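Below is one structure; the comments refer to it alone.
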Number of protein chains: 2
Amino acid sequence: MPKRSSKEESTTLDKTDLEILQLLQHNARITIKEIAEKVHLSTTPVHERIRRMEERGVIRQYVTLLDGAKVKKGLMVICYISLRQHSKMAGNKFIKSIQEMNEVIECLTISGEFDFMLKVVAENMDAYYDFHVNRLSQIENIGNVQSVFVMGVIKQTHQLVW
Amino acid sequence: MPKRSSKEESTTLDKTDLEILQLLQHNARITIKEIAEKVHLSTTPVHERIRRMEERGVIRQYVTLLDGAKVKKGLMVICYISLRQHSKMAGNKFIKSIQEMNEVIECLTISGEFDFMLKVVAENMDAYYDFHVNRLSQIENIGNVQSVFVMGVIKQTHQLVW
DNA sequence: ACTGAAAGACACAGACT
DNA sequence: AGTCTGTGTCTTTCAGT
């Protein structure tokens, strides 16, 4: 039997837990009282269930989503990158650079021709050009870079439970 | 001078608004009292500023982010799709199908060879294969489909203000 | 694991500067 | 646009089942 840290007890989520998560996914600012009513419980167990799911890491974060265009981040670009070297150290250096760039809101390692897929936000094309040429391309060990522009957002959700 | 609906007054965001947004981005369940302390104001103006930013649509939604692996959505796939026909009606039919598929958590229209980029979540490879063959490929008018597997998440944030 | 009650903290509205 | 103050509501803890 594998040992587990006390912070990550792996009791499975029951139906009530999933209902609570569903409600929280849609509205992180919903009151515990309101959740309690919807799942037909009093506030105490709801409070405790949420606390445990936070502790176990099932709940990662409560975030507020903003309208990009209204905070001067109207342009979204998908950016594919391959490195010239694939040593662990070279990879870590790249990752560190990416972590520090606020414009990069997502970075995934992917299968296929490229090593990374980035999602980059900028105010407009000029700002993106500046980012691309003066910051992204300056990272050492960068190989091929390819930009794909996002013309429209059809769907964007964070629901992992439904 | 262009008319504006009263719901979307376009007064620019000042430094305090941006500070509030920054705090809310990191923690949607932060109390107004705590925000007020950090921006050196009383709760009333903070409350009012948030209310206005919600009304104007600057704040889109408060959401809870879950750990995919812990809610049986451990696999993430990027999926590129081109349609056979590009009429408006054909496009709308596709979009409607996508909206109804919970596995598709993101859908973007993109420049380049493909028409759409999807982000799909599934419990494992079997579940993804089932989704791909029996649901995605069954949408009428689907042309080319290409799947890229996400091997790791280096960075994932929703901060548009920093 | 839950209910119910009770204390303390907070949100929200009003009067005023 | 802001502070201050009061009221009602919610969170959070605890005793009890």
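Owing to the predicted nature of the structure, the values given are computational and were not obtained by experimental measurement. Basis for what follows: all heavy atoms, side chains included, without hydrogens, waters or symmetry-related copies. First the proteins, then the strands, lettered A, B, ... as listed; each starts at 1.
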So does [X] pair up with [Y], basic N to acidic O under 4.0 Å?
| X | Y | value |
| --- | --- | --- |
| A:Arg49 | A:Asp14 | yes |
| A:Glu106 | B:Lys119 | yes |
| B:Arg60 | B:Glu54 | no |
| B:Lys155 | A:Glu100 | no |

| request: Name all pairs fulfilling the ring pair (Phe, Tyr, Trp, His ring centres under 6.0 Å) condition that reach into residues 24-82 of chain B, sequence neighbours left out, sorted by first residue then second. | output: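 As it turns out, the ring pair (Phe, Tyr, Trp, His ring centres under 6.0 Å) pairs with a partner in residues 24-82 of chain B, which skip direct neighbours, are B:Tyr80-B:Phe114.
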| task | Compare the minimum distances between each of D:dT3, D:dA1, C:dT3 and the side chain of B:Leu41, then state the nucleotide with the smallest one. | result |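 Output: D:dT3.
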| Co-membership, hydrophobic cluster, residues B:Leu23 and A:Leu65, 4.5 Å side-chain |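 Unlinked, B:Leu23 and A:Leu65 end up in two clusters.
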Can you tell me how far [atom2] of [N] sits from [atom1] of [X], to the nearest Å?
| X | N | atom1 | atom2 | answer |
| --- | --- | --- | --- | --- |
| A:Arg52 | D:dT12 | CZ | C1' | 16 Å |
| B:Leu13 | D:dA1 | CG | P | 13 Å |
| B:His40 | D:dC4 | NE2 | P | 15 Å |
| A:Ile50 | D:dT11 | CD1 | C1' | 11 Å |
| A:Tyr62 | D:dT11 | OH | C1' | 13 Å |

| field | Nucleic acid contacts - residues 15-27 of chain A versus DNA chain D, non-hydrogen atoms under 4.0 Å | value |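 The answer is none.
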| With respect to the phosphate group of C:dA1, does any side-chain polar atom (N or O) of A:Arg49 fall under 4.0 Å of OP1 or OP2? |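 Answer no for this pair, as no side-chain N or O of A:Arg49 is under 4.0 Å from OP1 or OP2.
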| field | Evaluation steps, salt bridge (charged side-chain N to carboxylate O under 4.0 Å, His left out), between B:Glu140 and B:Lys93 | value | CA-CA 8 Å; B:Glu140 59 176 307; B:Lys93 267 191 170 176; 3.2 Å; yes
| task | Using the six-membered ring wherever Trp is involved, compare the ring planes of A:Tyr128 and A:Phe131 and label them parallel, tilted or perpendicular (cut-offs 30° and 60°). | result |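 Taking A:Phe131 first and then A:Tyr128, their aromatic rings sit tilted (interplane angle of 30° to 60°).
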| Footprint string (nucleotides 10-17 of chain C, 5' to 3'): B base within contact, S backbone only, - free, heavy atoms under 4.0 Å | SSBBB---
